[in-house]
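Below is one structure, written out as structure tokens, with a few remarks after it.
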Amino acid sequence: MEMITNVTEYEAIAKEKLPKMVYDYYASGAEDQWTLKENRNAFARILFRPRILVDVSRIDLTATILGFKVSMPIMIAPTAMQKMAHPEGELATARAASAAGTIMTLSSWATSSVEEVASTGPGIRFFQLYVFKDRNVVAQLVRRAERAGFKAIALTVDTPILGRREADIKNRFTLPPHLILKNFEGLDLGKLDKTSDSGLASYVAGQIDRSLNWKDIKWLQTITSLPILVKGVLTAEDTRIALKAGASGIIVSNHGARQLDYVPATITALEEVVTAAEGRIPVFLDGGVRRGTDVFKALALGAAGVFIGRPVLFSLAADGEAGVRKVLQMLRDEFELTMALTGCRSLKEISRDHVITDWDRPRIAPKL
């Protein structure tokens with residue numbers, strides 16, 4: 001483990017360690033997996049315009065996210081069923097996030113409950129919400145998260161039906177028998193049954209409310225005072241509706257390329273959403289972040305911060321809490337290095353002028 005020098009190297013270790021069904025569940029995307037590859041490739045097409053001879057002897061990475069001060073604009077995205085990766089699952093992830101001084105988002109489909117995660121100690125935590133057909137279950141869950149000290153709700157809006165993940169269909173994916181969806185324990189909703197295709201797809205079809213719409217954000221505001229982040233926005237049109245609906249923030253996300261294939265990479269969709277948000281609410285990004293350079297590119301295009309998903313799962317599988325801590329530290333170090341080499345001393349100095357994208361007009365250098 002001490003030989004690991006970047007985030008991506010954890011994936012090969014995780015693949016070796018994990019059962020095929022579990023690795024495939026974490027790693028795969030929808031259908032042709034074009035968007036899965038594009039989430040990474042799109043970052044590689046954005047280049048830097050570094051500024052030189054700036055005094056970078058002091059660099060401040062701190063960020064304020066929904067009023068909470070964090071050590072860096074790199075946070076943990078919600079990922080389901082982390083005890084499939086490591087026996088300590090979400091509890092190890094929570095401790096690693098807290099040690100790094102950053103935010104963890106807990107999935108509705110976690111294998112540890114909101115109360116168990118809260119019991120790991122202090123930390124700023126958000127709760128990712130799926131809206132079930134039984135709204136009493138939803139209300140109860142949101143109140144439990146609030147009581148457990150969670151600070152925001154990340155409402156996933158891109159999953160009325162589960163995307164077609166062919167690896168899960170082939171593997172007949174189901175939750176290993178010793179694990180349950182802990183937040184639904186005792187509600188007869190914690191078990192995924194073995195089916196002829198993906199057990200999770202069948203579970204979603206049976207439990208998740210396909211009628212979810214913008215009015216439900218208002219409904220959610222009647223049951224909680226927590227800020228609501230809308231997770232899964234990719235267009236300016238939906239950004240404007242989210243603003244009207246009273247969202248406190250937007251997470252530009254394509255669900256790790258696991259829902260609709262052939263949507264753009266999140267880094268490609270980001271600027272459209274940022275422009276439509278007009279600075280009224282923060283816009284975050286998840287999807288494809290593997291390097292500190294990726295974090296910088298997202299911030300240069302207007303993101304207030306990024307969330308990482310698969311790097312947490314793979315490092316958790318490889319080395320438990322220590323793995324997740326190392327991933328957060330490596331990304332932090334790389335991001336700080338990128339800031340130094342582009343001439344930025346604080347997040348507010350990172351600007352659109354620091355990057356060149358495919359969609360920029362060619363720059364005509366002034367004649368000297």
Side-chain angles (χ1 to χ4, degrees), residues 38-51 59-70 72-75 77 102-103 105 126 152 154 157-158 227-245 247-254 263-309 331 334-336 338-339 342-361 363:
E38 178 66 4
N39 269 353
R40 286 295 307 126
N41 293 341
F43 273 110
R45 296 194 298 270
I46 297 170
L47 304 179
F48 292 123
R49 298 182 69 247
R51 301 301 306 275
I59 294 180
D60 178 14
L61 273 66
T62 58
T64 303
I65 307 291
L66 300 183
F68 298 99
K69 189 133 192 217
V70 292
M72 57 182 175
I74 304 164
M75 299 163 284
T102 193
I103 293 165
T105 316
F126 295 170
V157 294
D158 57 13
I228 295 163
L229 300 174
V230 180
K231 179 178 184 285
V233 173
L234 293 169
T235 63
E237 295 90 326
D238 282 338
T239 303
R240 288 190 278 270
I241 302 171
L243 279 169
K244 283 199 193 84
S248 296
I250 282 172
I251 303 173
V252 174
S253 172
N254 52 35
V263 293
T266 47
I267 193 67
T268 308
L270 174 64
E271 202 164 27
E272 175 181 330
V273 172
V274 167
T275 303
E278 297 177 336
R280 287 160 60 190
I281 54 173
V283 175
F284 305 98
L285 171 138
D286 79 13
V289 174
R290 300 291 181 274
R291 284 278 189 190
T293 49
D294 300 335
V295 180
F296 187 100
K297 289 169 185 180
L299 268 64
L301 292 174
V306 303
F307 290 88
I308 53 165
L331 286 173
E334 289 177 10
F335 178 51
E336 187 170 5
T338 308
M339 285 178 70
T342 51
C344 297
R345 291 163 293 201
S346 68
L347 304 190
K348 66 175 187 296
E349 290 190 348
I350 300 173
S351 77
R352 184 61 174 83
D353 289 335
H354 285 102
V355 292
I356 309 165
T357 68
D358 289 353
W359 56 91
D360 287 337
R361 290 196 188 90
R363 286 176 180 273

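Along the sequence shown, the residues carry numbers beginning at 1.
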- Can you name the nearest heavy-atom pair linking Thr338 to Gly292, along with the distance? OG1-C, 3.9 Å
- Task: Kindly assign one of parallel, tilted or perpendicular to the pair Phe126 and Phe307, based on the angle between their ring planes and the thresholds 30° and 60°.
- Result: tilted
- Item | Spacing of CD1 belonging to Ile46 relative to CD1 belonging to Ile356, to within rounding of 0.5 Å | 11.0 Å
- Measuring from Ile267:CD1 to Asn41:CG, what's the distance to the nearest 0.5 Å? 13.0 Å
- Separation between CD1 of Ile65 and CZ of Phe284, rounded to the nearest 0.5 Å: 4.5 Å
- Task: Verify, without hydrogens or angle tests, whether Thr266 (side chain) and Gly287 (backbone) share a donor-acceptor contact under 3.5 angstrom.
- Result: yes
- Note on the structure: Between the CD1 atom in Ile308 and the OG1 atom in Thr102, the distance rounded to the nearest 0.5 Å is 8.5 Å
- Non-hydrogen atoms of Ala300 and Ser351 that approach each other most closely: CB-O, 3.5 Å
- Task: Ignoring hydrogens and angles, tell me if any N or O in the side chain of Asp158 forms a donor-acceptor pair with the backbone of Asn254 under 3.5 Å.
- Result: no
- Message: Quick check: do Met75 and Thr105 have side-chain heavy atoms less than 4.5 Å from each other?
- Response: no
- Between Arg240 and Glu278, is there a salt bridge with N-O shorter than 4.0 Å? no
- Query: Would you say Arg51 has more than 12 foreign heavy atoms packed within less than 6.0 Å of its CZ?
  - Reply: no
- Query: So which heavy atom on Asp360 is nearest to which on Val355, and how close?
  - Reply: OD2-O, 3.9 Å
- Message: Can you confirm whether Leu66 sits close enough to Ile103 that some side-chain heavy atom of one is under 4.5 Å from a side-chain heavy atom of the other?
- Response: no
- Task: For residues Phe296 and Phe48, report the shortest heavy-atom separation together with the two atoms involved.
- Result: CD2-CE2, 3.4 Å
- Query: Do Arg290 and Glu334 have side chains that get closer than 4.5 Å, going by heavy atoms?
  - Reply: no
- Message: Is it the case that the side chain of Lys297 and the backbone of Phe43 share a donor-acceptor pair, with hydrogens and angles ignored and the cut-off at 3.5 Å?
- Response: yes
- Message: Tell me the closest heavy-atom pair linking Ala276 and Leu243, and the distance in Å.
- Response: O-CD1, 3.7 Å
- Does the side chain of Leu301 reach to within under 4.5 Å of the side chain of Val274, using non-hydrogen atoms? no
- Message: Main chain of Lys231, side chain of Ser253: is a donor-acceptor contact present, judged purely on distance under 3.5 Å?
- Response: no
- Message: Can you tell me how far apart CD1 (Ile250) and CD1 (Ile281) are? Round to the nearest 0.5 Å.
- Response: 4.0 Å
- Do Val233 and Ile251 have side-chain heavy atoms sitting under 4.5 Å apart? no
- Which atoms form the tightest heavy-atom contact between Ala277 and Thr239, and what is the distance? N-CG2, 3.7 Å
- Any Arg352 side-chain heavy atom under 4.5 Å of Thr357 side chain: yes
- Message: To the closest 0.5 Å, what do you measure between NE2 (His354) and CD (Glu349)?
- Response: 7.5 Å
- Item | Side-chain donor or acceptor of Glu272 paired with backbone N/O of Ala236 under 3.5 Å | yes
